[in-house]
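Below is one structure, written out as structure tokens, with a few remarks after it.
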Amino acid sequence: MSRISPTYEPGRVLVAPSILSADFAKLGEELRRLETAGADWVHVDVMDGMFVPNLTLGPPIIEALRPHSNLLFDVHLMIEKPERYLADFRDAGADVLTVHAEACPHLHRTLTEIRRLGCKAGVSLNPSTPVNVLENVLDELDLVLVMSVNPGFGGQSFIPRSLEKIAQVRQLLGERPVHIEVDGGISPKNAHLVRAAGATVLVAGSAVFKSDSIPDTIRALRG
Ligand code: DX5
Ligand code: ZN
């Protein structure tokens with residue numbers, strides 16, 4: 001399996017379509033479509049009906065999807081106590097595992113464990129969570145996921161205040177080779193603002209899957 005490296009390259013912007021907006025009855029086909037269209041990563045939204053008011057999918061579906069794509073699987077865990085399932089998601093084929101700071105009382109331990117399992121470690125922040133929760137885990141991180149909507153559903157509107165927050169995270173990270181991923185309400189109309197603020201990975205669900213041309217949309221998001 002030759003998955004694209006999650007290595008951070010300053011100045012390079014990646015596009016991670018979210019399969020939350022794909023046709024769940026034919027996810028394998030949707031993954032192949034994304035790869036052909038030039039997607040960099042595949043963003044997989046895992047929801048538990050507790051941390052967020054919605055349910056989606058878990059390790060068995062990720063495992064079933066793994067042979068259908070060579071792209072990096074960027075797994076966004078919107079679940080309480082994600083430490084219970086880290087090894088299951090790694091075994092299923094996750095490359096990046098992102099947990100929510102709000103769902104992890106022992107964030108340092110959880111991030112260390114993700115890396116020990118051989119995955120890249122991400123932390124996500126809800127719109128109301130300040131960036132200073134990252135201060136004591138800066139060296140345990142490979143990615144920070146700034147939520148630009150309240151997590152739980154696709155198709156919501158981008159919260160403008162997120163732009164300032166992206167810039168704050170970039171400043172806090174300094175020269176560390178850590179991705180800043182932004183998720184929620186991103187489209188070709190606002191992607192330039194997100195990129196200019198310092199994001200290096202743009203997630204998009206509805207903008208990609210509801211577009212007339214997925215390759216054109218991915219190109220426009222990348223800028
Ligand atoms: C929301 C998810 C997002 C979602 C984004 O909780 O984390 O990844 O799929 O969808 P859009 O791009 O439609 O806002
Ligand atoms: Zn997501």
Side-chain angles (χ1 to χ4, degrees), residues 6 13-24 27 30-31 33-34 37 39-58 61-62 65 71-80 82 85 89 94-104 119-129 142-163 165-166 169 179-195 199-212 214 216-218 220-222:
V13 174
L14 306 174
V15 177
S18 162
I19 56 167
L20 188 61
S21 298
D23 182 342
F24 271 38
L27 280 178
E30 296 281 66
L31 284 192
R33 201 152 72 106
L34 289 179
D40 296 293
W41 295 1
V42 175
H43 185 81
V44 183
D45 288 305
V46 178
M47 306 188 188
D48 67 352
M50 292 291 289
F51 180 67
V52 289
N54 196 5
L55 286 162
T56 53
L57 51 85
I61 293 182
I62 294 175
L65 291 175
L71 297 180
L72 177 149
F73 277 12
D74 169 37
V75 178
H76 178 191
L77 297 176
M78 287 162 274
I79 65 179
E80 294 287 355
Y85 298 110
F89 282 105
D95 299 291
V96 177
L97 281 175
T98 296
V99 297
H100 267 263
E102 306 84 0
C104 283
C119 294
K120 297 290 177 182
V123 174
S124 183
L125 305 180
N126 282 338
S128 61
T129 302
D142 300 298
L143 178 146
V144 175
L145 172 51
V146 175
M147 287 307 301
S148 43
V149 298
N150 288 290
F153 304 94
Q156 304 181 77
S157 301
F158 184 86
I159 298 172
R161 153 86 194 156
S162 314
L163 294 172
K165 198 163 171 187
I166 298 163
V169 173
H179 278 292
I180 300 181
E181 183 174 40
V182 186
D183 184 7
I186 297 179
S187 74
K189 289 199 175 112
N190 60 16
H192 64 288
L193 299 171
V194 179
R195 293 192 303 265
T200 57
V201 187
L202 271 55
V203 176
S206 36
V208 166
F209 284 98
K210 290 192 171 51
S211 70
D212 295 333
I214 293 183
D216 286 351
T217 303
I218 289 174
L221 290 167
R222 199 180 280 127

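In each ligand, atom 1 is the first atom listed, and ligand 1 is the first ligand listed. For this chain, numbers begin at 1 and follow the sequence in order.
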- Please tell me if the side chains of Asp95 and Leu71 come closer than 4.5 Å, counting only heavy atoms from C-beta onward. no
- Message: Phe209 and side chain to side chain contact (heavy atoms under 4.5 Å, CB included): which single residue from Leu34, Asp23, Leu20 fits?
- Response: Leu34
- Note on the structure: To the nearest 0.5 Å, atom CD1 of Ile186 lies from atom OG of Ser206 at 10.5 Å
- Query: Could you go step by step and tell me if Thr56 and Asp45 meet the side chain to side chain donor-acceptor pair (under 3.5 Å) rule?
  - Reply: CA-CA 7 Å; Thr56 53; Asp45 288 305; over 6 Å; no
I'd like a table of donor-acceptor pairs (distance under 3.5 Å, sequence neighbours excluded) in which one partner is a side-chain atom from residues 143-150, with atom names and distances.
| residue | atom | partner | partner atom | Å |
| --- | --- | --- | --- | --- |
| Ser148 | OG | Asp183 | O | 3.0 |
| Ser148 | OG | Gly184 | N | 3.4 |
| Ser148 | OG | Gly184 | O | 2.7 |

- Item | Thr129/Glu102 under side chain to side chain donor-acceptor pair (under 3.5 Å): CA gap, chis, key distance, verdict | CA-CA 8 Å; Thr129 302; Glu102 306 84 0; 2.5 Å; yes
- Residue and atom names of protein N/O/S atoms that fall under 2.8 Å from the Zn ion (ligand 2): His43 NE2, Asp45 OD1, His76 ND1, Asp183 OD2
- Results of ring pair (Phe, Tyr, Trp, His ring centres under 6.0 Å) for His179 - residues two or more places apart only: Tyr8, Trp41
- Task: Give the intermediate values and the outcome of salt bridge (charged side-chain N to carboxylate O under 4.0 Å, His left out) for residues Asp40 and Arg222.
- Result: CA-CA 10 Å; Asp40 296 293; Arg222 199 180 280 127; 3.0 Å; yes
- Would you say the side-chain atoms of Ser124 and His100 include a donor-acceptor pair closer than 3.5 Å? yes
- Close-range residues for ligand 1, whose non-hydrogen atoms fall below the 4.0 Å threshold: Ser18, Leu20, His43, Asp45, Met47, His76, Met78, Met147, Pro151, Gly152, Phe153, Gly154, Gly155, Asp183, Gly184, Gly185, Val203, Ala204, Gly205, Ser206
